[in-house]
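First the structure, in the form of structure tokens, and then the observations on it.
Side chains are part of it too, since the values below use all heavy atoms of this structure and drop only hydrogens, waters and symmetry mates. Numbering of residues begins at 1 and proceeds along the displayed sequence. The structure displayed is predicted, hence computed values, not measured ones.
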Amino acid sequence: MSLVNLQSVKKDFGIKEILKEASFSVDANDKVGLIGTNGSGKSTLLKMIAGIEPVDGGQILTNSGAKVIYLPQQPDVDESRTVLEQVFADSGEQMTLVREYEEISEKLAHYPEDSQLMTRLSSVMQRMDTTGAWELETNAKIILTKLGITDFNVKVGTLSGGYRKRIALATALLAEPDLLLMDEPTNHLDALSVEWLQSYLNRYRGALLLITHDRYFLDKVTNRIIEIDRGDIYAYSGNYSYYLEKKAASEESAASTQRKFQGVLRRELEWLKRGPKARSTKQKARIQRIEGMRETEFKPGLGKVEISTVSRRIGKKVIELEKVSKAYNERTLIKDFTYEFSPEDRIGIIGGNGAGKSTLMNIITGKVQPDSGSVDIGTTIHIGYFDQHSDDLLAALNDSQRVIDYIKEEGEFIKISDGTQISASQMLERFLFPGNQQYAPISKLSGGEKRRLFLLRILISAPNVLILDEPTNDLDVQTLAILEEYLEDFAGSVIVVSHDRYFLDRTVDTIFALEEGGNIRQYPGNYSVYLDYKKAEEEGQQVLDVKEKSKNTPSAVKEVKESNPAPSEAPKKRRLSSWEKREFDQLEGKIAKLETQKAEAEKAMGNVPAGNYTQVQKLYDEVEEIKRAIDKATERWMELAEIES
């Protein structure tokens, strides 16, 4: 059963066309991952399905009986409510009963002999039994605890943005909608909370449509991937690993088809230049086919972020911390920490929310002074600090400041890794900011595009120590993959704070784990090796085999590049057989007939009365089947055309 059906949906923001003719459906058992580059329209698409953002064309049909809940990146919460009140905000009578039960229980703690309170409590408990409020309260407290929230009576307004996002996530999960729309649900969650959420969503009975940069999360949770690529929608039946495999195959197939098409067109044009006499029907059809081929346009390959900035020379002395300690009130975050960073270091820093990760980063960079101990930074060191609050820095800029002016503040020309210089505009293009965006104000960029722009600003400053505090928040998976490759060859020290397990596995070879009491424990290897250590410690086993694994990090997710086999000898030229000639002559008519059928089915789908989901789904499946037939017939025609020419 389709919960949501998009039919030829269009969305255009003027400087960018977000969706052209988007058509797809989400069924009851779907777990869909929505991917695409920053600014491609992922969040906008979720808002349109949620009814928050209008469509510019087409329609979105939602099953009238389906409960749909949307969890944005920055959810709205009532600051005057307690945590439990906010979580139960949409629970009606159940929320009222739970709140009344909590109030009576609190009064009874002070007046245990009050008979009236006891009578009221008994009545409320009976009603909670009847309505199932007991189970609701238990589930709410379990979910909140798993997300790192244990004080259920604290006012929401006193909590940080990260904790508010967790409360909104708990509220959405507790509501158990038929379709849950989630925009970056893993942001602000530590690794343990992400793993719990991953497990919870695997058991979730409703449908999901989510945006996330966490590739392990996508792999474990989703069974479908929908990609937005320059206004077009592409669907893949499988998880993220399956998507990568099929995407690579389709790109290679498209490139092969384009090369083959261009080869056929070149030979057809040569035939046309020889001036054939267009007397026969077959010759006329061939000329018309050539004209059609000349008008065919192929979609260019998806651009990728290019990172080729230089780094400064780095000396032997990088950053030295000697017995550094830091506490806030009665809580010690860092205690007697000593470490000497080297130019080759690839450090990953992990710990729960509030453990002191950002505090340690700020001490290293000099933004925060330690209570005791010393920090000594080498004279050649230039730190590039990409912190999790970079959006706040961008927000402080004049909204009317142009993108290119922001980059030009670092220089009109930028030196890249091969020693040459390119203009600020060329560098922006390498970071997927086309000309029309470069002269637009920063306020027109999406949150992810702002972070990508800020990352560019840091990299072109030529740092030799990179400190990345939650770099994966809001960066798309394509940019993250390129950043990971860049960090492998970066000529300097890299310090990463992240909850993204995949990113840590790709980029670090040592883990600093912040533990209770301000202790910082060091583990050799990437995050996966760290988990092996922890598991071995918990089970009291030897960790020799774990140490062996750490020698090869970060190989856990590195892809092995196979050498290309020697090219085989080119096959001899052959001619079409008689039955292949008949097939070739018939294919043009077959393709034209299929195109007519597709147009009729699409027209019929647009005329279906609102609410008739069964008929819409039937016609949608028919259109998709016809498209596959057209692709197959066209591919075959091109194969035969190449042989004939």
Side-chain angles (χ1 to χ4, degrees), residues 307 309-326 332-351 355-390 455 458-459 461-472 483-500 503-515 518-527 529-530 533 547 550-554:
I307 304 179
T309 60
V310 297
S311 59
R312 304 168 194 247
R313 184 186 69 83
I314 186 170
K316 293 182 179 180
K317 183 178 180 179
V318 183
I319 303 172
E320 297 176 1
L321 278 65
E322 180 70 25
K323 293 187 176 181
V324 168
S325 295
K326 185 66 181 179
T332 300
L333 297 180
I334 302 167
K335 180 181 178 182
D336 293 333
F337 179 58
T338 297
Y339 187 79
E340 184 177 327
F341 290 91
S342 73
E344 298 81 23
D345 265 342
R346 297 292 186 272
I347 307 292
I349 300 177
I350 64 172
K357 301 185 297 295
S358 295
T359 299
L360 178 58
M361 296 297 93
N362 288 329
I363 289 174
I364 292 172
T365 57
K367 290 185 175 182
V368 171
Q369 293 300 312
D371 296 335
S372 61
S374 62
V375 179
D376 191 7
I377 300 177
T379 56
T380 64
I381 299 306
H382 181 82
I383 297 174
Y385 188 15
F386 183 83
D387 70 83
Q388 61 178 309
H389 304 296
S390 57
L455 175 63
I458 290 170
L459 296 181
S461 68
N464 48 26
V465 173
L466 267 178
I467 298 180
L468 308 174
D469 190 357
E470 298 292 1
T472 61
L483 178 58
E484 288 158 359
E485 293 175 6
Y486 171 80
L487 293 179
E488 286 182 7
D489 300 323
F490 178 73
S493 185
V494 177
I495 307 169
V496 176
V497 174
S498 181
H499 63 267
D500 189 315
F503 189 81
L504 287 172
D505 277 351
R506 279 293 308 270
T507 57
V508 308
D509 54 26
T510 302
I511 294 290
F512 286 178
L514 276 66
E515 301 177 345
N519 295 318
I520 300 179
R521 192 171 178 187
Q522 300 176 29
Y523 295 85
N526 60 18
Y527 186 77
V529 175
Y530 158 78
Y533 267 103
K547 290 182 179 179
S550 70
K551 294 178 181 178
N552 299 319
T553 57

### Task
Check step by step if side chain to side chain contact (heavy atoms under 4.5 Å, CB included) holds for Ile349 and Met361.
CA-CA 9 Å; Ile349 300 177; Met361 296 297 93; 3.0 Å; yes

### Query
Is Ile381 close to Ile314 at the side-chain level, that is, under 4.5 Å between some pair of heavy atoms?
yes

### Message
Closer than 3.5 angstrom, by distance alone: can the side chain of Ser493 be matched with the main-chain N or O of Val465 as a donor-acceptor pair?
### Response
no

### Check: Asn519 side chain, Glu515 main-chain N or O, donor-acceptor pair, under 3.5 Å
no

### Message
Between Phe512 and Tyr523, is the ring pair (Phe, Tyr, Trp, His ring centres under 6.0 Å) condition met? List the steps.
### Response
CA-CA 6 Å; Phe512 286 178; Tyr523 295 85; 9.9 Å; no

### Query
Does a side-chain N-to-carboxylate-O contact under 4.0 Å join Glu488 and Arg506?
yes

### Query
Does some side-chain heavy atom of Tyr339 sit less than 4.5 Å from a side-chain heavy atom of Gln522?
yes

### Query
Are the side chain of Ser498 and the backbone N or O of Asp500 linked by a donor-acceptor pair below 3.5 Å?
yes

### Task
Nearest 0.5 Å please: distance from the NZ atom of Lys357 over to the CG atom of Leu514.
7.5 Å

### Message
Any side-chain to backbone donor/acceptor pair from Asn464 onto Arg313? Under 3.5 Å, distance only.
### Response
yes

### Task
Compute whether any side-chain donor of one residue and acceptor of the other, for Asp371 and Ser325, lie under 3.5 angstrom apart.
no

### Query
Side-chain contact, heavy-atom cut-off 4.5 Å: Ser461 with His382?
yes

#### Entry: Minimum side-chain heavy-atom gap Ile467-Val497 below 4.5 Å
no

### Message
As an exercise, state the distance from NZ of Lys367 to OG1 of Thr359, rounded to the nearest 0.5 Å.
### Response
12.0 Å

### Message
If you define the side chain from C-beta out and look only at heavy atoms, does anything of Phe341 sit under 4.5 Å from Ile347?
### Response
yes

### Query
So do Ile334 and Leu360 actually touch side chain to side chain, heavy atoms under 4.5 Å?
yes

#### Entry: Note, Val324 side chain near Lys335 side chain (heavy atom, < 4.5 Å)
no

### Task
Please check if the side chain of Asp345 supplies one atom and the backbone of Ser342 the other of a donor-acceptor pair under 3.5 Å.
yes

## Note on the structure
dist Ile377:CD1 -> Ile383:CD1 (nearest 0.5 Å) comes out at 4.5 Å

### Message
Distance alone, cut at 3.5 Å: any donor-acceptor contact between the side chains of Asp505 and Tyr530?
### Response
no

### Query
With a cut-off of 6.0 Å (strictly less than), are more than 12 heavy atoms of other residues, nucleotides or ligands near NZ of Lys326?
yes

### Query
In Å, rounded to the nearest 0.5 Å, how long is the span from CG of Leu468 to CZ of Phe386?
7.5 Å

### Query
For the residue pair Tyr527 and Phe503, is the inter-centroid distance of their aromatic rings smaller than 6.0 Å?
no

## Note on the structure
Here the gap from Lys316 atom NZ to Glu340 atom CD, rounded to the nearest 0.5 Å, amounts to 11.5 Å

### Message
What I'd like to find out is whether the side chain of Val508 reaches to under 4.5 Å of the side chain of Val494, using heavy atoms alone.
### Response
no

### Message
Rounded at 0.5 Å granularity, tell me how far CZ in Arg346 sits from CG in Leu504.
### Response
13.5 Å

#### Entry: Side-chain donor or acceptor of Thr510 paired with backbone N/O of Pro524 under 3.5 Å
no

### Query
Only one of Ile495, Ile458, Leu483 forms a side-chain contact (heavy atoms from CB on, under 4.5 Å) with Leu466, so which one is it?
Ile458

### Message
Please check this pair: side chain of Arg312 against backbone of Pro463, looking for a donor-acceptor N/O pair closer than 3.5 Å.
### Response
no

### Query
Do Arg521 side-chain atoms and Ile511 backbone N/O form a donor-acceptor pair below 3.5 Å?
no

### Task
Given side chain to side chain contact (heavy atoms under 4.5 Å, CB included), test Leu321 with Ile364 step by step and report yes or no.
CA-CA 8 Å; Leu321 278 65; Ile364 292 172; 4.2 Å; yes

